[in-house]
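Have a look at the structure below before the remarks.
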Amino acid sequence: MNSSDPPLTLHAALFRIAEETATAKDLTSFYAAMHSIVAQLMFAANFYIALFEPHTNIITFPYYVDEHDLPPPPRPRGRGLTEYVLRTGQAHLITADDFRALRTQGEVDLMQTLAVDWLGVPLKAGDVTLGVLAVQSYSEAVRFNQQDKELLTFVSYHIATALSRKRSQEALRASEEKYRHLFEQAPIGIYRTTPDGRILDANPALVEMLGFESLAQLTERNLQTSGFEDPGERARFAALVLRNGELRDHQTTWLRRNGSSLHVREHARAIYGPNGELRYFEGTVEDVSERRKAQESLRIFQRAIEQSPVTIMLADTAGNIEYVNPKFTQVTGYAPEEVVGHNPRLLKSGETSPHEYARLWQQISTGGEWRGEFHNRRKDGTLFWEAAFISAVTDATGKVTHYLAIKEDITVRKAVESVMRQQHEFVEVLREVVTAINSTLDLNEVLDRILSNISRVVPHDAGRIMLIENGYARVARTFGASQHLFNLETHWSPMPVSVTRNLRTVFETGRPLIIADIAAYPGWIERNVLTDMRANLTAPIRSRRGIIGFLGLDSVQPGFFDETHADRLLALADQIAIAIDNAQLYERVRAHAADLEARVAERTAELQAANVKLQELDHLKSKFVANVSHELRTPLANVKLYLELLETGHADKQSHYLATLHREASLLQRLIEELLDLSRLELGSRPLAAVPLDINLLIQRLLTDRRALIAHRGLHLQTNLTPDLPTLLADQTMIAQVLTNLLTNAVNYTPKGGIITVNTAIRTALEQDWLTFSVADTGPGIPVKDQAHIFDRFYRGESSRNGAVPGTGLGLAICQEILRRHQGHITLDTESGRGSTFTAWLPMGKPRHDQETSAGQTNDVPLAVESLRL
Ligand code: ADP
């Protein structure tokens with residue numbers, strides 16, 4: 001304070017207060033000016049202004065000049081002298097003694113250095129006490145009096161008023177400055193225009209936004225005529241603002257200085273004058289180009305999500321659903337409002353393990369991802385499959401804010417996969433089954449293998465394989481439940497295919513037949529057996545030869561079989577057909593081979609037998625040759641001997657020699673003749689001169705010739721000829737020879753007094769009629785040991801040796817050969833000591849042609865013939 005200034009008159013002080021109030025550039029200057037004014041009125045070396053803020057109850061000391069004390073800091077209202085003035089609302093002049101008295105009364109506390117005199121007045125503007133103005137003296141030399149108090153009280157009133165105004169001014173200025181700053185710095189454009197569109201003011205943001213270099217440049221623009229993309233926009237804008245007084249969130253497109261578009265959002269209002277006249281439009285302009293782009297992107301995203309073919313679900317960190325797209329509703333049947341706020345577990349079917357859910361949450365709650373499949377339940381209870389991708393959505397700081405699930409309905413894919421897998425498995429099973437079935441060619445084994453594998457192809461409770469034989473379906477195998485019933489195969493009489501409705505249908509269509517319930521199928525004929533069976537599936541077994549049988553399956557469950565079963569059974573049946581075909585073919589080949597083998601064995605046996613016979617014949621031939629040479633040598637030796645005796649022997653014995661020579665020559669002759677006979681017979685070189693022959697007549701003629709000889713031998717002859725025998729085609733000479741040979745033997749081997757009986761007859765044997773003639777004697781008979789050999793060539797029996805009967809051993813052999821050529825034979829009936837009966841059998845049919853007979857015989861005994869030629 002300048003103490004050299006002249007003391008002011010009160011009037012001048014009041015003038016200065018008004019002047020300083022107007023000119024002081026801020027409050028601090030204003031306080032200083034007030035101090036200098038008071039200092040010109042009284043002692044004011046110690047001067048302060050305290051202000052009280054009733055809202056906060058705080059006292060501040062914005063101006064404080066003191067010889068002892070520093071300006072005190074702001075403080076809550078306490079018990080200082082300042083507060084005392086405030087409390088009482090009165091001006092107080094307080095001496096040190098007054099202070100002590102007041103302190104004793106508890107009115108005040110000492111806050112600062114104790115003054116000699118303290119003079120304080122309230123700063124009252126109207127009813128409001130703004131604070132306290134105080135001066136104090138620390139010197140006994142300077143004292144304040146009542147006049148000072150009144151003067152200060154008077155001045156303080158004006159100061160308070162000025163202060164009040166100054167503070168208002170200051171606040172207004174600060175406020176204006178603040179708003180100007182906001183206006184200048186705002187990132188959005190702010191303008192004021194005249195009602196006719198002239199721009200009065202605009203902030204830098206708008207200037208820049210519209211591409212102008214300065215406000216001055218911009219104010220040349222009139223929005224009525226330019227500035228909007230749509231020239232009608234300004235009129236529309238004005239109308240809207242005027243209608244409501246203001247306009248909010250108005251989207252429009254301005255033009256930049258360079259003519260490009262600027263998408264903005266505007267708020268505007270109309271400003272009216274005191275008489276209600278329209279004065280301005282004011283508004284803010286926000287560049288929403290970016291936001292519009294972002295919104296557009298967002299809209300596209302939203303559309304994409306809403307039209308997405310996959311389910312999109314957003315859940316909060318607690319796992320509760322916040323958003324689902326329309327696909328979700330389409331897939332699950334739940335509307336968004338039914339699921340928002342709920343946990344997605346409402347879709348759970350219970351098939352995913354708790355462990356898997358735990359793993360899922362562990363993974364995504366730590367910011368990871370989870371991929372997997374759910375088998376979930378729709379609102380209607382049906383199940384569906386989803387492939388899910390779940391991940392956490394994080395904010396800029398990495399904190400998880402949401403969980404995002406993207407899910408695809410893979411029910412169809414799963415189903416297709418399942419069908420394909422089943423198909424693949426079926427093909428695999430079919431391949432195995434077919435391999436098993438085809439690994440044998442035995443039909444029974446094929447059928448057994450079909451049985452043991454069929455359930456792998458089509459599930460069933462029972463079934464059977466039927467094979468068609470002569471139009472009848474015969475059950476070849478039964479299997480499955482009710483086996484005990486089925487096994488009574490006798491129960492299953494073959495069913496005629498043409499009248500068994502189900503079999504006939506399958507046979508005619510060549511397709512499997514599904515019967516959902518045999519109880520409702522009128523053509524079912526085995527109803528009584530299959531009491532517990534309801535559904536039936538029958539497939540044809542189709543081979544190259546046509547349908548050869550049926551494969552039938554039964555189930556206790558009505559409607560059990562479906563088209564897939566039918567297709568599978570048919571596929572199996574086709575394979576079975578091939579296996580059965582192969583087995584049957586093999587069976588035939590095997591039978592044929594067995595037949596061939598048997599025939600080969602038979603032929604081999606025949607050849608072996610022929611071989612044995614040939615060996616025997618060979619042996620016979622050797623024996624025959626030996627016999628012939630021996631038989632011929634004996635008489636020849638005798639002839640030679642007796643010829644020598646004729647020359648050298650006794651003359652008186654010559655007649656004996658000659659007789660012997662004669663006998664031996666006769667024997668030789670007979671031997672050679674008989675050999676020739678036999679040879680001719682066997683060679684067939686003596687043809688069979690078959691003529692109708694009356695056998696009785698032939699016998700009678702021969703006996704006539706022999707009767708004398710027989711009687712001469714002391715034997716009796718009897719005949720027992722069956723009369724009226726039919727004639728027979730035969731070689732008379734040969735038959736006569738047979739009779740001659742037999743008669744000769746009977747005469748030769750029967751002792752004197754014996755009886756020879758010749759008889760003829762017709763007999764039946766071997767289903768044929770025979771004409772027989774026999775020669776019976778009462779001679780010694782033929783011993784058993786000879787019986788087998790007497791028809792052999794050169795074989796001579798016991799009787800011939802005992803009785804020294806001359807002979808060749810060829811007679812019976814010739815008989816046998818002659819009869820053989822007549823397709824007849826010779827039999828012997830004899831008993832030792834009681835005679836023998838030889839019977840010749842001639843067939844009563846036409847004898848075979850001689851050529852054929854001889855050719856056949858030539859083949860049969862070629863070696864014998866050879867031997868006879870020797
Ligand atoms: P052979 O009479 O020339 O010896 P056969 O072939 O006619 O030759 O007879 C063979 C053998 O059969 C005779 O040697 C004889 O032992 C026996 N035999 C034939 N006929 C009679 C018969 N009627 N009674 C007894 N033995 C006979």
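Just follow the structure's listing: the first ligand is 1, and inside any ligand the first atom is 1.
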* To do: For M844 and L771, work out which heavy atoms get closest and say how close.
  => CG-N, 3.6 Å
* State, to 0.1 Å, how close A730 and I735 come at their nearest heavy-atom pair, and which atoms those are. => CB-CG1, 4.0 Å
Which residue owns the protein heavy atom closest to [atom], what's the atom, and how far is it?
atom                    : answer
atom 27 (C) of ligand 1 : Y749 CD1, 3.3 Å
atom 23 (N) of ligand 1 : D777 OD2, 2.6 Å
atom 4 (O) of ligand 1  : R796 NE, 2.4 Å
atom 17 (C) of ligand 1 : S799 OG, 3.9 Å
atom 11 (C) of ligand 1 : G797 N, 3.8 Å
atom 7 (O) of ligand 1  : N745 ND2, 2.7 Å
atom 3 (O) of ligand 1  : T808 N, 2.9 Å
atom 10 (C) of ligand 1 : Y795 O, 3.6 Å

Quick one: does [X] get a heavy atom under 4.0 Å from ligand 1?
X    : answer
F791 : no
G809 : yes
N748 : no

* **Sidechain-backbone polar pair: S543 side chain, D581 backbone, donor-acceptor under 3.5 Å** => no
* Asked: Do any N or O atoms from the side chain of D777 and from the backbone of S836 form a donor-acceptor pair under 3.5 angstrom?
  -> yes
* For ligand 1, does T750 get within less than 4.0 Å through its side chain, its backbone, both, or neither, judged by non-hydrogen atoms? -> neither
* To do: Show the numbers, then the answer: is there a side chain to side chain donor-acceptor pair (under 3.5 Å) between N759 and S774?
  => CA-CA 5 Å; N759 77 47; S774 58; 3.1 Å; yes
Considering both backbone and side-chain atoms of [X], is one of its nitrogen or oxygen atoms within less than 3.5 Å of a nitrogen or oxygen in ligand 1?
X    : result
L812 : yes
S800 : yes
I782 : no
F838 : no

* Asked: Just checking, is any N or O donor in the side chain of T750 or R713 under 3.5 Å from an acceptor N or O on the other one?
  -> no
* **Pair Y795-D786, side-chain donor/acceptor within less than 3.5 Å** => yes
Can you tell me how far apart [atom1] ([X]) and [atom2] ([Y]) are? Round to the nearest 0.5 Å.
X    : Y    : atom1 : atom2 : answer
N696 : R701 : CG    : CZ    : 12.0 Å
L646 : Y657 : CG    : OH    : 8.0 Å
I548 : F507 : CD1   : CZ    : 11.0 Å

For ligand 1, which atoms, with element, lie under 4.0 Å from some heavy atom of [X]?
X    : answer
A746 : 23 (N)
I790 : 12 (O)
G807 : 3 (O)

* L703 side chain reached by L743 side chain, heavy atoms, under 4.5 Å -> yes
* Asked: Does the ring center of W841 lie less than 6.0 Å from the ring center of H822?
  -> no
